[in-house]
Amino acid sequence: MPEGIEVEYYRISSICALQRKIRRITAKDLYFLKGETQSEQLIAVLKEKKFVESRRIGKLLLLDTEHGETVGIRFGMTGRLLVDGKSSIDNLEYSSARNNPEWDRFSLEFTDGGTLSIRDPRRLGGVELNPDTSLLGPDLYEINGMQLGTLLKESYRPIKARLMDQHQIAGLGNLLTDEILWRSSLDPRRSSNSLTQIEKRRLLYHLKRTVLQLTERGGSHTGNLQDHRLRGGRCPKDGAILERHKVGGRTTYSCPEHQS
DNA sequence: CTCGACTCCTGTTAGC
DNA sequence: TGCTAACAGGAGTCGA
């Protein structure tokens, strides 16, 4: 599913949608419009206008118009960004392998004939005009040791739940978090504020390294743990049968042997 | 503050 | 073969 890494790909592919005049806006799926956003409003703000900048905070893609309005796009679990009919990601975990144009929930047509659209089978994503970004934590690519230390120290929640809380760090999803904790040899259920200085340093190192490495490899699903994240799967480090449980309401796989 | 349970949504798949 | 039910997990709400 799109986590921060996938949305970073979307941001990069959205760059070629900048500086192109928008001719037509199609926002018929009203369920897909979030907050106070209305279809007519999007049309009024976007018609005959251009995007001048593309930004990303965590899993949120932000497209700024020349007049300072911002279109915020969330992809949920199964959303893809298509620019001129092409997606930067072919194989999205947990999404459909098919690619049905009927799943376009929001789309724009440029005066040059190109398009930008969000193709989301499950409609868990959404479009919001001028979304509030003030509550999002530091981005997963930017977070530093001090920020990580603070957010862990201030909570009794399980580490995994804390790391997936977008108000704390923006961009980590279920797969990335499992991978990072597995690499860090930390039990996802450990209380956030129980980590020692050494464990926190280890977590920061693996968080940074995992995000960069999986970005190079091609997505959140390219982690070393991923292929073994199924019932009865074995830890690729030591061969132990992985534990499957719920942490923070999410299916979690961890190794009883080396994660503690 | 933190939790589980529930909600949204629908394609895919396991199981009968 | 065909059906149903469970599952996936991002994000929000609600009551305990």
**Student:** A/Gln166 side chain N/O closer than 4.0 Å to the phosphate oxygens (OP1, OP2) of C/dA11?
**Tutor:** yes
**Student:** For C/dA5, which nucleotide is its Watson-Crick or G-U wobble mate, given both distances must be under 3.5 Å?
**Tutor:** B/dT13
**Student:** In whole angstroms, how far is the C1' atom of C/dG10 from the CG atom of A/Asp178?
**Tutor:** 15 Å
**Student:** In whole angstrom, give me the gap between the P atoms of B/dC6 and C/dA6.
**Tutor:** 13 Å
**Student:** With a 4.0 Å limit, can you tell me whether A/Ser155 has a side-chain N or O closer than that to the phosphate oxygens OP1/OP2 of B/dT2?
**Tutor:** yes
**Student:** Can you work out whether A/Asn174 or A/Arg231 has the more 5'-proximal nearest nucleotide on DNA chain C?
**Tutor:** A/Arg231
**Student:** Between C/dC7 and A/Thr251, is there an OP1 or OP2 to side-chain N/O distance shorter than 4.0 Å?
**Tutor:** no
**Student:** Do the ring planes of A/Tyr10 and A/Phe75 sit parallel (below 30°), tilted (30 to 60°) or perpendicular (above 60°)?
**Tutor:** tilted
**Student:** For B/dC3 and A/Arg189 - does any side-chain N or O of the residue sit under 4.0 Å from the phosphate oxygens OP1/OP2?
**Tutor:** no
**Student:** Using whole Å, report how far CG of A/Leu163 lies from C1' of C/dA11.
**Tutor:** 17 Å
**Student:** State whether A/Lys160 and A/Asp187 are salt-bridged, where the test is any N-O pair (Lys NZ or Arg NE/NH1/NH2 against Asp/Glu carboxylate O) under 4.0 Å.
**Tutor:** no
**Student:** Indicate whether OP1 or OP2 belonging to B/dG11 is found under 4.0 Å from a side-chain N or O atom of A/Trp103.
**Tutor:** yes
**Student:** In terms of side-chain heavy atoms of A/Tyr31, which of B/dC3, C/dA11, B/dC8 is nearest?
**Tutor:** B/dC8
**Student:** Counting the atoms with a prime plus P, OP1 and OP2 as sugar-phosphate, which does A/Arg244 contact under 4.0 Å by heavy atoms, base, sugar-phosphate, or nothing?
**Tutor:** sugar-phosphate
**Student:** Could you state the CG-P distance from A/Leu152 to B/dT2, rounded to the nearest angstrom?
**Tutor:** 12 Å
**Student:** More 5' along DNA chain C: A/Tyr253 or A/Arg250, using each one's nearest nucleotide?
**Tutor:** A/Tyr253
**Student:** With sugar-phosphate meaning primed atoms plus P, OP1 and OP2, does A/Tyr156 contact a base, only sugar-phosphate, or nothing at under 4.0 Å between heavy atoms?
**Tutor:** sugar-phosphate
**Student:** In whole angstrom, give the distance that lies between atom CZ of A/Arg122 and atom C1' of C/dA6.
**Tutor:** 12 Å
**Student:** Taking 4.0 angstrom as the limit, do A/Glu3 and A/Lys59 come out as a salt bridge?
**Tutor:** no
**Student:** Output, in order, the C-alpha distance, side-chain angles, deciding distance and verdict of side chain to side chain contact (heavy atoms under 4.5 Å, CB included) for A/Arg119 and A/Thr78.
**Tutor:** CA-CA 8 Å; A/Arg119 189 163 292 180; A/Thr78 56; over 6 Å; no
**Student:** Under 4.0 Å between a Lys/Arg side-chain N and an Asp/Glu carboxylate O for A/Asp165 and A/Arg157?
**Tutor:** yes
**Student:** What is the distance, to the nearest angstrom, from the CE atom on A/Met77 to the C1' atom on C/dC7?
**Tutor:** 9 Å
**Student:** Give the rounded distance in Å between these two atoms: NE2 of A/His221 and P of C/dG10.
**Tutor:** 15 Å
**Student:** Please report the distance, rounded to the nearest Å, between NZ in A/Lys59 and P in C/dG9.
**Tutor:** 11 Å
**Student:** Please report, rounded to the nearest Å, how far the P atom of B/dC8 is from the CG atom of A/Leu124.
**Tutor:** 12 Å
